Amino acid sequence: MPLEHSGEIDADASDDLYRIRHSLAHVLAQAVLEMREGATLGFGPPIQDGFYYDFVLPKPITEADFPDLERRMRRILKKGQRFYQEELPKAEAFARIDEMGEPYKREYAEELCEKNGLESLSFYRNGPFLDMCEGPHVDTAKDIPRDAFKIRSVAGAYWRGDSRNTMMTRIYAWAFEDKATLDAHIQAYELAQERDHKKLGRELDIFTIDNEIGRGLPLWLPNGTVIRDELEKLATELEFADGYQRVATPHIAKQDLFYRTGHLPYYADDMYPPIEVLEETEHGDVVKEAYVLKPMNCPHHHKIFSSSLRSYRELPLRLAEYGHVYRFEDSGAVGGLLRVRGMCMNDAHIYCTEEQIASEFRNVIALYDRAYSILGLKDYSLRLSCWDPEDPQGKNKYVDEPEAWESSQAVLRDILNELDLDYVEAKGEAAFYGPKIDVQFPTVTGREESVSTVQLDFAIPKRLDLKYVGPDGEEHVPYCIHRAPFSTHERFVAFLIEHFGGAFPTWLAPVQVRVLTVSEQFDVYAQRIVNELRADFVRAELGSTSDTVSKKIREGTTRKIPNLLIVGEREMEANEVTLRRYGIREQTTMPFETFKEKLRETIDTRALSFAL
RNA sequence: GCUCACAUAGCUCAGGCGGUAGAGCACUUCCUUGGUAAGGAAGAGGUCAUCGGUUCAAAUCCGAUUGUGAGCACCA
């Protein structure tokens, strides 16, 4: 199971907090067993900010039960039970687990003994509660603060993270060393919720999702469209500088193409079903033809590559497109802009020779670096996503070329090491046609998501018969690098909304300047300012005319407009404006021309703050 | 897809143990012409998600469906 999805942490087990959390998990289980006789236990590990425990319950536990559950836990803690460890030989251990009536513990115990060749198993006892568990725990419940934990949520979770298994009930709780830390954590969590892109997306009129259009098919409102266009402009400029050429391709293609690439039949569930039409051939026959919405742009770009005879002199050939793709994501996965069913991807495919792979990868990573530094994004991590030769899905999931896998993974690993970048390696996260480097960002709720990706494809070009003529006059198959530094508009804008908390830098802001008047008699002056700015392609607008100044400032601020200009008699007389930047109380009055120049500079340099 | 919860005005929410709904913001109009985070008044706006059941009567109770959220699984 990938680390970032499970919430498990590689904590130092000797850590006090780890012991507290782990022990609290046992106390929670004890309380649940009191409340629900006949419940059976799954796993109950410490996690990043607390712990959870999985149960199969005879009757569901819901949020309404939390106060009762917490009360019972506190009562248990008050008793100051000691935690005892017992090591039992295999046979005795199994007898005990059976006596406990814990089928899931039994299954895990058997596996532990088989896989790790264990001859004995460890148990922990506190009061009446007994659990098969490696520990470590606190010595006594007295070591656990009674006011530094809080039950957070209840959710379903498959036993052992496998959807073929029983769905258990997972109870999550926060737990810290003291109440102050817990309170601070909860407060930070609640504050983070304010930045949720779904909430801000609605408040700032960035996107909407309409049931009659369909789940996972967001509608971009004018404000959101500005953000998309600006990002696309930035991407286009960066790509132009790096020698990319733009192409444009249709949203659909014949189904057979995806059989050839190998995407079908294995990914049929993730695609919208085919559109079937009757077409007349040149001989007058009527044949049925199936078209699918493309789930990725690669095959279309590959066809552009193969549309003419390519020479090695043309390589590397870099084809870029913000292309629309459609994926039929599971209903439970769809949400907000983070997982959608129709998306617009900052795609490009680089066709190159084997010798060019390393330098092209370095170029791509440099492009990422430039893009992220412009946006002030620092909080991300890299993941080298490799194949899993032991995956039970095997050849269905990964192209069956073990040597190519190992060598291409080595190429990526070398590049990451050479550039001295921190990364984690993840087995089983590769694309089916090759390994990739994923860029992971944390969401507002602390979950990690892959935002951007660079992939090395050693398989599909061969399947589609792509080739170029080398210096030796022979035909060769090119390698293909897939990359999407700006991800999809959907996912990337979601992250940017949360990153900026909705307060976008001027160049990216839907409304860059709003002009507010002290009273209606200055509307003409204000309108002239708006007109002049708009003539300079600045997204400027006039604020409401009939409210009080306070009200106008409040409105401009809640809309998170980066630059508010206030004009009244003083400004009009001197042809000045008073600038009030978002989040800054001090204002600056300056000649309008000066403002206009500074604003131009701020926008042109894509500055994160105003270039005063 | 799975588990649990939720669904009342554009938004945020109240109410309703069965007798067809209410606030604030936003919107419209009028008054106010105000120098830094909500000036005042009036008006308009809802088959209480949908379908079905129970009932004299359902927005309220029950069921199904759809949608949303959290988490799990998935994520080429």
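Everything quoted here is computed from the prediction, not taken from an experiment. Each chain gets a letter, A, B and so on, in the order the sequences are listed, and its residues count up from 1.
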Query raised in the report: Across all strands, who's sitting opposite G24(B) as a Watson-Crick or G-U wobble pair, both distances under 3.5 Å?
Result: C11(B)
**Report entry** Any strand: nucleotide that pairs with A44(B) via Watson-Crick or wobble, under 3.5 Å
**Finding:** none
Query raised in the report: What is the distance from OH of Tyr158(A) to P of C4(B), rounded to the nearest Å?
Result: 12 Å
Requested in this report: Look through every strand shown and name the nucleotide pairing with U50(B) as Watson-Crick or G-U wobble, where both distances are under 3.5 Å.
Outcome: A64(B)
Report task. Among C75(B), A38(B), A76(B), find the nucleotide with the atom closest to the side chain of His263(A). Result -> A76(B)
**Report entry** Nearest-angstrom distance from the residue atom OH of Tyr189(A) to P of G71(B)
**Finding:** 7 Å
Report summary line: Separation of C72(B) atom P from Glu448(A) atom CD, nearest Å, is 13 Å
Report task. Verify the contact: side-chain N or O of Ser153(A) to OP1 or OP2 of G71(B), cut-off strictly under 4.0 Å; return yes or no. Result -> no
Query raised in the report: Is the ring centre of Phe432(A) under 5.5 Å from the base ring centre of A76(B), and are the two planes under 30° apart, so that they stack?
Result: no
Query - G16(B) pairs with, by Watson-Crick or G-U criteria that keep both distances under 3.5 Å - result: none
**Report entry** Closest listed nucleotide, where the reference is the side chain of Thr557(A) and the choices are C4(B), A70(B), A37(B)
**Finding:** A37(B)
Query raised in the report: Is any side-chain N or O of Arg160(A) closer than 4.0 Å to OP1 or OP2 of C72(B)?
Result: no
Query raised in the report: Do the numbers put Arg152(A) on top of the ring of Tyr172(A), so that NZ or CZ is under 6.0 Å from the six-membered ring centre and no more than 45° off the axis?
Result: yes
Query raised in the report: Between Arg585(A) and A37(B), does any side-chain N or O lie under 4.0 Å from OP1 or OP2?
Result: yes
Report task. Name the nucleic acid region contacted by Glu63(A), choosing base, sugar-phosphate or nothing; use a 4.0 angstrom heavy-atom cut-off, strictly under. Result -> nothing
Query raised in the report: Quick one: is U36(B) close enough that its OP1 or OP2 comes under 4.0 Å of any side-chain N or O from Lys551(A)?
Result: no
Query raised in the report: Pick one: which of Tyr267(A), Tyr398(A), Trp405(A) meets ring-ring contact (aromatic ring centres under 6.0 Å, His included) with Phe432(A)?
Result: Tyr267(A)
Query - Lys462(A)/Glu401(A) salt bridge by N-O under 4.0 Å criterion - result: yes
Requested in this report: To the nearest 0.5 Å, tell me how far Thr589(A) OG1 sits from Leu565(A) CG.
Outcome: 10.0 Å
Requested in this report: Find the distance Asp347(A):CG to A76(B):P and express it as a whole number of Å.
Outcome: 14 Å
Query raised in the report: Which nucleotide in the list C72(B), A37(B), G39(B) gets nearest to the side chain of Tyr172(A)?
Result: C72(B)
Query raised in the report: When the distance from CD of Gln587(A) to P of G35(B) is rounded to whole Å, what number comes out?
Result: 14 Å
Requested in this report: Provide the Watson-Crick or G-U wobble partner of A76(B), both distances under 3.5 Å; none if there is no partner.
Outcome: none
**Report entry** Watson-Crick or G-U wobble mate for A59(B), both contacts under 3.5 Å
**Finding:** none
Query raised in the report: Between Ser331(A) and G1(B), does any side-chain N or O lie under 4.0 Å from OP1 or OP2?
Result: yes
Query raised in the report: Is Asp162(A) paired with Arg160(A) through a side-chain N to carboxylate O contact shorter than 4.0 Å?
Result: no
Query raised in the report: Can you find a side chain N or O atom of Lys198(A) that sits less than 4.0 Å from OP1 or OP2 on A70(B)?
Result: yes
Requested in this report: Please tell me which of the listed nucleotides, U36(B), C11(B), C4(B), lies nearest to the side chain of Val154(A)?
Outcome: C4(B)
Report task. Start with the C-alpha distance between Arg383(A) and Glu448(A), add both sets of side-chain angles, then the distance that settles salt bridge (Lys or Arg N to Asp or Glu O under 4.0 Å), and finish with yes or no. Result -> CA-CA 11 Å; Arg383(A) 180 177 79 185; Glu448(A) 272 201 0; over 6 Å; no
Query - Protein-nucleotide distance (Phe55(A), atom CZ; C72(B), atom P), rounded to Å - result: 17 Å
Query raised in the report: Is any side-chain N or O of Arg327(A) closer than 4.0 Å to OP1 or OP2 of C75(B)?
Result: no
Query raised in the report: Rounded to whole angstroms, how far apart are CZ on Phe522(A) and C1' on G34(B)?
Result: 10 Å
Query - Spacing of Asp269(A) atom CG relative to C75(B) atom C1', expressed in whole Å - result: 13 Å
Report task. Can you tell me the pairing partner of G35(B) across any strand shown, Watson-Crick or G-U wobble, with both distances under 3.5 angstrom? Result -> none
Query - A70(B) pairs with, by Watson-Crick or G-U criteria that keep both distances under 3.5 Å - result: U3(B)
Requested in this report: On RNA chain B, check which nucleotide each of Tyr433(A) and Arg341(A) is closest to and give me the residue with the more 5' one.
Outcome: Arg341(A)
Report task. Report the distance from atom CE of Met73(A) to atom CZ of Phe66(A), rounding to the nearest 0.5 Å. Result -> 11.5 Å
